[in-house]
Amino acid sequence: MAIIDNLQKISGTVWELPATYKEGMRVPARIVATEKLVREMDEAVYQQISNVATLPGITRYALCMPDGHSGYGFPIGGVAAMDVHEGGVISPGGIGFDINCGMRLLITNLTFEEVHPHLHQIVDRLFERVPAGVGSHGFLKLSHQEFRDLVEHGARWCVERGYGWEDDLEVTEENGCIAGADASKISERAIDRGYNQVGTLGSGNHYLEVQVARPEDVRDKQLAKKFGITIPNQVVVMFHCGSRGFGHQVATDYLQKFLKVMESKYQIKILDRELACAPFESPEGSDYFAAMKCGLNMSFANRQVILHQIREVFSEVFGRSPEDLGMQMIYDVAHNTAKLEKHIVNGKEKRLLVHRKGATRAFGPGRGEVAARYRDIGQPVIIGGSMETGSYLLVGTASGAETFFSTAHGSGRTMSRTKARKLWHGKELQHDLEARGIYVRSTSWAGLAEEAGPAYKNIDEVIAATELAGISKPVVRFTPIGNVKG
Amino acid sequence: MSSFQFKSFRAKPYRYLEDIGTADIAFEATGRDLPELFTAAADATMNVMIDNLDAIELCETRQIELSNDSIEMLLFDFLQELIYFKDARRLLLRPRKTQIEHKDKEYFLKVTVAGEQLDATRHHQRADVKAVTLHGFSVEKQDGNWKARVLLDI
């Protein structure tokens, strides 16, 4: 029997694999998506999410978001909340190698008509100032010690040195610096891989995009106003990147540490080595949590320095200060994390470690974790689509409790990179996109081809699914006009 | 002890797999012996990042020595080493001479790797490799040949 035949329809947007589906499942696995999106998911998604349901301490369900697709260990789009007082585990595979990979959005007070004549110049300069591609190094020359300091203090470290504004920190998750990051828990090798990479984009699906909020794409005027999106065809800048080689090495180091102790010391059996884990309340688990937080801070710092570079570029091109250009940051939100949060489970408040791998936290109005200025409207959520289609700004909803207040993170791939590469050629794609009004610069023609729009799900369908499921509410859809690809 | 000299290289001993890890890149590498397999897997990893491997000039040399009681984890560590040099030194490295010894239940790897720093004008980039994953990672001998399956996180 095909796995999909085991799925039980709970509602129009919730599909369940019962805990009886696979030996060892502690809870059911639930996929939050429309029937169309569920049917498009590769079979590995079901296997992987049901493997996640076997992890110790998992609470209620192993969840997969509407943009889910197969990954390693967890599927991309996977969410798992562990009860840390009931032997709940922490798993690097539930966070991803790119710790705190996330999205940042800033607005300008410029319109498409004002930006368009300078678009090539802007994108070309962004391409120079925000290094992308294989192993790229940034302009900050740090010693190992300075980098240790940076990973303990995150974006605050950058703002204190002139890279950004105090106000940016207020609209960054954790104010850009998560407490408890401990650089003594990271290896020299991790530092070596990251200390040259602050302010770099990376590659793969990482990008920096100049986008337009067309009046017809403003879905909720009141909320859009709250975010400063008030001008017809207003130009915004969105980018997607993470903690670079540093975060990748932290995850790799602890994956190996966990594999050594998991079974012998903690008697935990897993179905995929990428689910390697340790009890959260164990020396290994707490060491990883402190090390992972360094990855979070590196990522916040990385995006902070990139934000600074973007402001510099616009300022140079328009001969006006970033303040005068209204280059306010809207929000910075991660989609590869594990965070300790309070959630109500069966009427009781529980302290859970919520893993989100390719899933975005989307708290509804009133939660203390949300930046004060947005607390009455819910947490801002930034979901990036492919470079050809569009991206969204949304807010979290009060009805998101069923997913531990989590939603999608992107449009989600439907085609492997290897296949996409056979179907498209980067140079031709660049010409096609330019003809459609999107100017793209990339370090890699092959990499560009792998990111072609049809390799992804339809972003509008994914967003509609999150709205239908009541896990986030769209505010504005943005259309790309310029893109820097890694 | 078996060893492998780069000059005796065969036709591309690796292929990329289309339907594993939608957002990542999987490959299968083969070799008549372990040194050949390790060399093929190293090039398969580097070829994910750089399209024109032949453009990497072999001017800088490094020695890599690793040991592990598992042949799988030895290959895993070796590929991680190449990713480390790519990030920390921007070095693109290819194996030149690979030796693998198996004694007292432990595998010992000694590789001379050579290459140069990434030069965006000459090296055609593809996708940066973040990590070697252990998802479906395997090294096995089939019909006298060695085969490895690896999923790289992109």
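Quantities reported herein were computed from a predicted structural model and do not represent experimental measurements. Here is the naming used below: chain letters follow the sequence lines, and residue numbers restart at 1 for every chain.
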Engaged part of A:Asp42 at the chain B interface, taking heavy atoms whose separation is under 4.5 Å: side chain

Donor-acceptor contact present, side-chain A:Thr54 to main-chain A:Ser50, <3.5 Å: no

A:Thr252 backbone acceptor or donor facing A:Lys257 side chain under 3.5 Å: no

Interchain contact, A:Thr443 with chain B, by part (heavy-atom threshold 4.5 Å): both

Whether A:Phe97 and A:Tyr72 hold their rings parallel, tilted or perpendicular, with breakpoints at 30° and 60°: tilted

Residues B:Asp119, B:Arg90: salt bridge by 4.0 Å N-O rule: no

Atom pair CZ (B:Arg149) and CD (B:Glu28), whose distance is rounded to the nearest 0.5 Å: 5.0 Å

Under 4.5 Å from any heavy atom of chain A - which part of B:Val48: neither

Aromatic centroids of A:His240 and A:His409 separated by under 6.0 Å: no

When B:Ala120, B:Ala127, B:Gly136 are compared by non-hydrogen pairs under 4.5 Å with chain A, the top option: B:Ala127

Among the listed options A:Arg417, A:Arg244, A:Lys422, A:Lys419, the residue most often paired with chain B at heavy-atom distances under 4.5 Å: A:Arg417

Which atoms of B:Leu17 approach chain A - backbone, side chain, both or neither, heavy atom under 4.5 Å: backbone

A:Glu274 bridged to A:Lys357 by N-O distance under 4.0 Å: no

Structural part of A:Leu275 lying under 4.5 Å from a heavy atom of chain B: neither

Interface moiety of B:Phe85 toward chain A, non-hydrogen atoms closer than 4.5 Å: neither

Options A:Arg189, A:Arg413, A:Gln197, ranked by heavy-atom pairs under 4.5 Å with chain B, top entry: A:Arg189

Best-contacting candidate, A:His137, A:His206, A:Gln249, A:Met415, against chain B by heavy atom pairs under 4.5 angstrom: A:His137

Interchain contact, A:Leu255 with chain B, by part (heavy-atom threshold 4.5 Å): side chain

Side chain, backbone, both or neither of B:Glu81 within contact of chain A (heavy atoms, under 4.5 Å): both

Lys/Arg N to Asp/Glu carboxylate O, B:Asp54 vs B:Arg94, below 4.0 Å: yes

Worked check of ring-ring contact (aromatic ring centres under 6.0 Å, His included) between A:Tyr207 and A:Phe239: CA-CA 6 Å; A:Tyr207 66 86; A:Phe239 57 101; 9.1 Å; no

Proximity breakdown for B:Asp24 and chain A, heavy-atom pairs closer than 4.5 Å: both

Greatest number of heavy atom pairs closer than 4.5 Å to chain A - which of B:Arg89, B:Lys86, B:Glu18, B:Gln80: B:Glu18

Part of A:Thr414 within contact of chain B (heavy atom distance under 4.5 Å): backbone

Ion pair B:Lys130/A:Asp98, N-O distance below 4.0 Å: yes

